[in-house]
Amino acid sequence: MSTISIPVTKTTQSKLSETDFSSLVFGKSISDHMFVADYQNGAWGDFRIVPYGPMEIYPGNATLHYGQAIFEGMKAYKNEKGEVLVFRAEANAKRLNESAARMCMPQLPESVFLEALKQLLSLDRDWVPQGKGSSLYIRPFMFAMDNYLGVKASDSYRFMIFTSPVGAYYSKPVSVKVETTYTRACEGGTGEAKAAGNYAASLYPALQAQKEGYDQLLWTDGKTHSQIEESGTMNVMFKIKGNLITAPTHGGTILKGITRNSVLQLAKDWGQAVEERFLAVTELEEALKNGSLEEAFGVGTAATIAFINKINVNGKDYLLPEPKPDAFSTRVLSTLDSIKYGEVQDPHQWILTI
Ligand SMILES: *Cc1c(COP(=O)(O)O)cnc(C)c1O
């Protein structure tokens, strides 16, 4: 396999020494370097790693007007030996291309994605915090670069990766509200693409819920608002009468979460009964009323597992007890953490060591 040559311009003003790793706020500190690639005349090229910094674009940049922009989110961890471990990077490279196809954007060879990631993380390895709970958040993204106001798919694009250290934080349980007015995604829409516009559209409904005192929404289907789809920017799972229930991802409205996929794989490994089907809001309400809802949690890269402690359905709040140490969600969180920090064997080759 031919390796991709990526020229590096190193920063002369590293921010490493002025970054307080003991008080990291998510997304605030950015590591020293970024990877850049440009797509022109039908091919990716001009690969480079340069100091993180502002870039020039034209006011006519098509992304600013018509929103052709997609992204990924993933994390790297440091094990006790100081090696950098990336969780399921190949899956992110694949999903970026699925999003690209839906948004009329070009495919990026997975080898470019992975090689760029390896070289960027090797250079900025001191930015990967050490210690359980801390990680380096990685943000790959692609956007249109044409300076043209006609509504059409852009001819030129930029792909970039930059990273941000994230401190150990206690992720407190979240309260959620079943949303029955606004819609995150509808059939035939862009729900399964990790497209920037999906996030823009979710801000207003999320803000309304926050004003009412809830952390996040439980999104329902756009047509009938009768079936649970996702929670905020995470997939969501419920355990009812011993069965793990989560929405299927083949209908085009649910983001194919890599954490979701990993949790389902572990459930399978452990013989945990899984039902990939839509959970009706009425069924959720019934299970909350009769106490058969055992666990409810969001799954995504940011928190891995976000325990839900309050659910509002049709204007009524239901409280959920804290998950027990032997609960599925507790065990799956601890197992995923052990795999990510290289403390246990990696049974599914999920880790890329750098
Ligand atoms: C990114 C994302 C998820 C979670 O995906 P992971 O790969 O597990 O981080 C779930 N839902 C939505 C809408 C997302 O954008």
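Atoms within each ligand, like the ligands themselves, are counted from 1 in listed order. Both backbone and side-chain heavy atoms feed into the values below; hydrogens, waters and symmetry mates do not.
Here the side chains of M142 and L108 are in contact, with some heavy-atom distance below 4.5 Å.
Proximity to R184 (heavy-atom distance under 4.0 Å) selects the following atoms of ligand 1: 13 (C). Within ligand 1, the atoms closer than 4.0 Å to a non-hydrogen atom of M234 are 10 (C), 11 (N), numbered from 1 in the order shown. Distances below 4.0 Å separate heavy atoms of G257 from the following atoms of ligand 1: 5 (O), 6 (P), 7 (O), 8 (O).
Distances from ligand 1 to the non-hydrogen atoms of R95 include at least one value under 4.0 Å.
Among all heavy-atom pairs drawn from R95 and L255, the shortest one is NH1-CD1, 3.4 Å. When every heavy atom of A247 is checked against every heavy atom of E229, the shortest pair comes out as CB-O, 3.9 Å.
Among protein heavy atoms, atom 15 (O) of ligand 1 sits closest to Y199 OH, 2.2 Å. Looking at atom 11 (N) of ligand 1, its nearest protein heavy atom turns out to be E230 OE1, 2.5 Å.
Shown are K239, K324, E294, E295; of these, the side-chain hydrogen bond (donor to acceptor under 3.5 Å, both in side chains) with S329 is made only by E295.
In terms of N/O distances under 3.5 Å, ligand 1 is approached by K194. Between R260 and ligand 1, no N or O atom pair is found at a separation short of 3.5 Å. For ligand 1, the polar-atom distance check finds an N/O of I258 within less than 3.5 Å of one of the ligand's N/O atoms.
Residues K316 and E285 are not paired through a salt bridge, judged by the lack of any N-O separation under 4.0 Å between the basic side chain and the carboxylate. Salt bridge absent: E83 and K78 never bring a charged side-chain N and a carboxylate O closer than 4.0 Å. The pair E230-R260 does not count as a salt bridge, with every side-chain nitrogen at least 4.0 angstrom from each carboxylate oxygen.
For the residues T259, T301, T233, V236, the heavy atom positioned nearest atom 10 (C) of ligand 1 is part of T233.
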